[in-house]
Novice: 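One structure coming up, written as structure tokens, with questions to follow.
Hydrogens, waters and symmetry mates play no part in the numbers below; they use all other heavy atoms, side chains included. Just so it is clear, the structure is predicted and the values come from calculations on it, not from any experiment. The chain is numbered in sequence order, starting from 1.
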Amino acid sequence: MRFLTHDSKISCIDDNGKEVGKITFPKRENNVYEITSTKVEESMQGQGIAGKLMRLCLNEINLRGGEVKATCSYAQKYIEKHGLRPLVICHMVTSIDGKVTGDFLFGKTGTRVSETYYELNRKLKGDAFACGRVTMESSFTNGFKPDLSEFSGADILYEDYIAQKHHYYAVSLDRHDSVGWTDSKIHDDSGYDDCHIIEVLSETTPKEMLAYYRSIGVSYIFAGKDDIDINLALNKLYSIFGIKKLLLEGGSIINGAFLRAGAVDNISQVIAPIVADKEDKPLFFDSKLTEFRMLECKAMKDGSVWIWYAK
């Protein structure tokens, strides 16, 4: 089966070219898209087609920067169960053998390919990018650990803290509650400058750390009691900050967590013409079987290959 998008309709087409399902979402005033109908032929029901149509529809509305209104009963029930979340694009540089960390990134070829990666990043134009603790520390904080002694005994409720709304966000999925930011924004010359920082935390985060984040103007949200619930985090990023397109940029552990949560919609993979070391980490750590469709494949001038996948 394949899915085709045309204006305000997405169709599911079987192997014989017959339309066996469709969802309609006409645009209304104020950039609102109304999901008016979700239909699947009776003989094809029970195969997850309606859910797939809904996910594709919501992704398409996110790509258009629109707001969602559901008048179709199926769409209403789907949103009630799953909530609304951003379109998630996993955008990564990999080696030929699918590794995302290691010395291969820092040689002459790897550096050249990384420049292509950053160019594509700017073209994809997410509302936010997301990384795990290790990537944030290695790329932006150099492992800085703040002195929390002045915040000892802080009495802060475990409630979401929104320091500000912004046009571009850096989402730090911090399972260990320890990324030592020194400012509320990233200062960087590779395309991430002026990102407002959002820490995604569990309720195991020490209150002293929460007080520190407040003192420097870092926003934070809670997405789980003992660990991070990826889908809850995405629901909050959408509803609180209005993030409709999120670029997931690793590392391996957090990429794997998103994949296992069913929250990777597209993959933008820049493959460097290098085989990595055996100790380097894969694109998705602890992955599960997940099928994607290749929508585009392009040879780049630096010798890399860019591949665009959709689930």
Side-chain angles (χ1 to χ4, degrees), residues 88-126 128-144 170-176 178-180 186-193 195 230 246-260 263-311:
V88 176
I89 302 168
C90 184
H91 179 53
M92 298 292 294
V93 175
T94 75
S95 61
I96 291 172
D97 51 333
K99 303 296 181 64
V100 294
T101 62
D103 292 342
F104 81 91
L105 290 168
F106 304 108
K108 183 178 179 180
T109 299
T111 300
R112 192 167 63 242
V113 172
S114 292
E115 291 173 359
T116 297
Y117 166 85
Y118 289 123
E119 289 176 10
L120 289 167
N121 177 291
R122 290 187 283 272
K123 289 179 180 179
L124 288 170
K125 291 182 180 179
F129 78 96
C131 296
R133 174 186 60 85
V134 173
T135 302
M136 288 300 195
E137 289 182 336
S138 63
S139 298
F140 301 112
T141 74
N142 294 316
F144 171 74
V171 178
S172 173
L173 292 121
D174 191 1
R175 300 171 67 198
H176 296 276
S178 62
V179 178
I186 285 177
H187 303 286
D188 180 78
D189 60 3
S190 61
Y192 304 108
D193 191 52
C195 289
I230 296 296
L246 177 73
L247 301 188
L248 174 62
E249 301 184 0
S252 179
I253 292 174
I254 205 67
N255 287 351
F258 270 71
L259 188 74
R260 293 192 303 276
V264 176
D265 301 303
N266 293 86
I267 298 174
S268 170
Q269 184 179 12
V270 184
I271 304 175
I274 310 170
V275 174
D277 187 82
K278 65 179 180 179
E279 301 299 327
D280 294 338
K281 300 296 189 297
L283 178 56
F284 297 104
F285 175 77
D286 196 18
S287 60
K288 70 172 186 178
L289 183 64
T290 308
E291 291 190 9
F292 287 82
R293 299 170 289 131
M294 186 183 74
L295 300 183
E296 189 173 352
C297 182
K298 184 177 180 180
M300 310 302 284
K301 292 180 181 179
D302 59 16
S304 66
V305 175
W306 175 66
I307 308 179
W308 176 249
Y309 296 97
K311 191 162 68 175

Novice: Nearest 0.5 Å, please: how far is CD1 in I254 from CG in L259?
Specialist: 12.0 Å

Novice: Please determine whether side chain to side chain contact (heavy atoms under 4.5 Å, CB included) holds for the pair E296 and I307, giving the CA-CA distance in whole Å, both sets of side-chain angles, and the decisive distance to 0.1 Å.
Specialist: CA-CA 6 Å; E296 189 173 352; I307 308 179; over 6 Å; no

Novice: Do I89 and W308 have side-chain heavy atoms sitting under 4.5 Å apart?
Specialist: yes

Novice: Check whether any side-chain heavy atom of V88 sits under 4.5 Å from a side-chain heavy atom of N266, and report yes or no.
Specialist: no

Novice: Measure the shortest side-chain to side-chain distance between S95 and D280 over non-hydrogen atoms and say whether it is less than 4.5 angstrom.
Specialist: no

Novice: Salt bridge between R133 and E137, side-chain N to carboxylate O under 4.0 Å?
Specialist: yes

Novice: What's the spacing between L283 CG and D97 CG if we round to 0.5 Å?
Specialist: 11.5 Å

Novice: Can you confirm whether the side chains of S304 and D302 place a donor and an acceptor under 3.5 Å from each other?
Specialist: yes

Novice: I'd like to check V93 versus L105 (side-chain heavy atoms, cut-off strictly below 4.5 Å). Are they in contact?
Specialist: yes

Novice: Is the distance between the ring centroids of F129 and H91 under 6.0 Å?
Specialist: no

Novice: Indicate yes or no: at least one non-hydrogen side-chain atom of Y192 is less than 4.5 angstrom from one of N121.
Specialist: yes

Novice: Kindly give the heavy-atom pair with the smallest separation between R260 and K288, and that separation in Å.
Specialist: O-NZ, 3.4 Å

Novice: How about Y117 and E249: does a side-chain donor come under 3.5 Å of a side-chain acceptor?
Specialist: yes

Novice: Would you mind reporting whether D277 and F104 have side-chain heavy atoms less than 4.5 Å apart?
Specialist: no

Novice: Tell me, do D188 and F140 make a side-chain contact under 4.5 Å, heavy atoms counted?
Specialist: yes

Novice: Do you know the tightest heavy-atom contact between A170 and I186?
Specialist: CB-CD1, 3.5 Å

Novice: Quiz question: by atom type and distance under 3.5 Å, do the side chains of W306 and T116 form a donor-acceptor pair?
Specialist: no

Novice: Using a 6.0 Å cut-off, check whether atom CZ of R112 has over 12 heavy atoms from anything other than its own residue.
Specialist: yes

Novice: So how far is it from F106 CZ to T111 OG1, rounded to the nearest 0.5 Å?
Specialist: 8.0 Å

Novice: For a 4.5 angstrom cut-off between non-hydrogen side-chain atoms, does V264 reach T290?
Specialist: no

Novice: Taking S138 for the side chain and T135 for the main chain, is one N or O donor matched with an acceptor at less than 3.5 Å?
Specialist: yes

